[in-house]
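Working notes, beginning with the structure itself.
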Amino acid sequence: MYSKTFSVAIQGIEGHMVQIEADISDGLPVFSLVGDLSCETKEAKERVRVALQNTGFRFPPRRVTVNLSPADIRKDGTGYDLAIAVAVLSAYGYISKSDFNDILFIGELSLEGEVRPVNGVLPMVYAALAQGVKYCILSRDNQEEASVVREMKVIGVTNLRQAVDLLEGDLDRAVYRPSGGRTGAEQTDQTEPDFKEVLGQETARRAAEVAAAGMHNLLLIGPPGSGKSMIAGRMSGILPAMTFEEQMEISQIYSVAGLLSGETPLVTKRPFRSPHHTATQRALIGGGTYPRPGEISLASGGVLFLDELPEFERNTLEVLRQPLEDGWVHVSRLRGSCRYPAHTLLMAAMNPCRCGWYPDRKKCNCTPGQVRRYLGRISRPLLDRIDIWRKIAPVRNRILLQ
């Protein structure tokens, strides 16, 4: 007895269709999974076996073999549980269908048979749609995010028994339709910090407007309290509105990172990311044993603000050079490689010296050598990738009080 279902493997934000084949044969009672699997994916056989028993399905002792194909693509995560369970049930004859060519299954199973949400649903559904899949059955907690892909018919379920009943009935009647005709593209809070709150600093504001118009990298140099961070915090609000294609690309990054929710299933605002100067190379660029996007990718399409630029570790800043040039982050690890977008406007701010007041000798006691060493923490190749530099001075009190 044989059956097959479909799920999706994610590498970076790119999805690859995975065919789950289940075969029931005579022999010693064994449940085996094959197909280049991570530890949490291999553990699916225990979750699925117990979930099927606790849901009320009983099986004669047989040899169960489940293959996740193609075998040359690494399968990570727990999102294959539902597809494996459906394939096994179909092979045992509990589901009349044995071939689910137009249905995508995504979801983790609890031991009680509940279908739980997983990260990275949006790129999975997007990739499945490109392969001609029409339906997607997944956790109800993920259905709002999946419904952003408007052409896909999304069906949310809470447990395995409900998914089996739907497969025996009419799937079109169970398709999720966002309330009020919403597709997840709208967000309720559209407020942005306004540039009119920045008083004075006409030249710095002009530099920010030019940078925003052409997505040019910008460096502001000035003493504490001159408004560098205030201007940076308003940069994303003056960038052009995102196209739907940009929203989809950025939302896929946030989906893989687990930063989307039912309330915000689609990123419609340009991102603004401001990591602390103690951030590591991995935090900025992404990576890890199982690669995840870093700050420069989470800021793709928006602004990456590095405050107190010389305080970052020099080696940490150097990893930004190639992504700023290419617009992409290529992460290669032993367990695989992936690519993340990094179409980012880099905005940086720094003091002119360690104390921040050079060349005001009434407040600054730094020697010329100390000033040179402080500014020398930033390499010339990185500075060459910053198109606009602007020195700013503190705003006079009379301008603030107008």
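One is the number of the first residue; the rest follow in order along the sequence. Computed from heavy atoms alone, side chains included, the values below leave out hydrogens, waters and symmetry copies.
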State plainly whether the residues E295 and R273 are in salt-bridge range, i.e. N to O under 4.0 Å.
-> yes

So, R270 side chain and S236 main chain: donor-acceptor pair closer than 3.5 Å or not?
-> no

When you check the gap from the basic side-chain N to the acidic O, do D307 and K228 get nearer than 4.0 Å?
-> no

Within the side chain of K75, is there an N or O that forms a donor-acceptor pair under 3.5 Å with the backbone of L68?
-> yes

Strictly by modelled atom types, are R390 and T203 linked by a side-chain donor-acceptor pair under 3.5 Å?
-> yes

Residues, nucleotides or ligands: over 12 heavy atoms within 6.0 Å of R385 CZ = yes

With no hydrogens and no angle check, is any side-chain donor or acceptor of H343 less than 3.5 Å from a backbone partner on S300?
-> no

Would you say the side chains of E21 and S69 form a donor-acceptor pair under 3.5 Å?
-> no

Side-chain donor or acceptor of E114 paired with backbone N/O of S110 under 3.5 Å = no

May I ask you to decide if T78's main-chain N or O and E40's side chain share a donor-acceptor pair within less than 3.5 Å?
-> no

Look only at the side chain of T5 and the backbone of A83, and say whether a donor-acceptor pair between them is shorter than 3.5 Å.
-> yes

Looking at Y94, is R58 sitting on its ring face, NZ or CZ under 6.0 Å from the six-membered ring centre and within 45 degrees of the normal?
-> no

Mark yes or no for whether D360, through its side chain, and K362, through its backbone, hold a donor-acceptor pair below 3.5 Å.
-> yes

Looking only at heavy atoms, the pair that brings Q370 and N365 closest together is OE1-O, 4.2 Å

Can you tell me if S96 and E168 form a side-chain donor-acceptor pair at under 3.5 Å?
-> yes

Is E202 paired with R205 through a side-chain N to carboxylate O contact shorter than 4.0 Å?
-> no

Closest approach of I388 to H216 (non-hydrogen atoms, all atoms of both residues) | CD1-CB, 4.1 Å

Is it the case that Q252 and Y126 place a side-chain donor and acceptor less than 3.5 Å from each other?
-> no

Could you tell me whether K134 and E151 have a side-chain N and a carboxylate O separated by less than 4.0 Å?
-> no

May I ask you to test the L171-I137 pair for a side-chain heavy-atom distance under 4.5 Å?
-> yes

Taking every heavy atom of L167 against every heavy atom of V86, the minimum-distance pair comes out as CD1-CG1, 3.7 Å

Side chains of Y135 and D172: is there a donor and an acceptor less than 3.5 Å apart?
-> yes

Backbone of P293 reached by a side-chain donor or acceptor of S297 within 3.5 Å = no

Examine distances only and state if a side-chain atom of Q131 and a backbone atom of A128 form a donor-acceptor pair shorter than 3.5 Å.
-> no

For the pair D384 and L382, evaluate side chain to side chain contact (heavy atoms under 4.5 Å, CB included) and give the outcome as yes or no after the intermediate values.
-> CA-CA 5 Å; D384 286 343; L382 180 61; over 6 Å; no

Please report the C-alpha distance between L160 and L52 in whole Å, then the side-chain angles of each, then the deciding distance to 0.1 Å, and finally whether the side chain to side chain contact (heavy atoms under 4.5 Å, CB included) criterion is met.
-> CA-CA 8 Å; L160 180 59; L52 293 178; 3.3 Å; yes

Pair Y80 and F105, ring centroids less than 6.0 Å apart | no

Go through the side-chain N and O atoms of Q247 and S251 and say whether any donor and acceptor fall under 3.5 Å apart.
-> no

Nearest non-hydrogen partners of M124 and L104, listed with the distance = O-CD2, 4.1 Å

Taking the side chain as every heavy atom from C-beta outward, state whether R377 and R314 have any atom pair closer than 4.5 Å.
-> no

Would you kindly say whether Q201 and S226 are connected by a side-chain donor-acceptor distance under 3.5 Å?
-> no

Kindly say whether Y2 contributes a backbone atom to a donor-acceptor pair with the side chain of D23 at under 3.5 angstrom?
-> no

Taken to the nearest 0.5 Å, the spacing of T55 OG1 from L109 CG works out to 7.5 Å

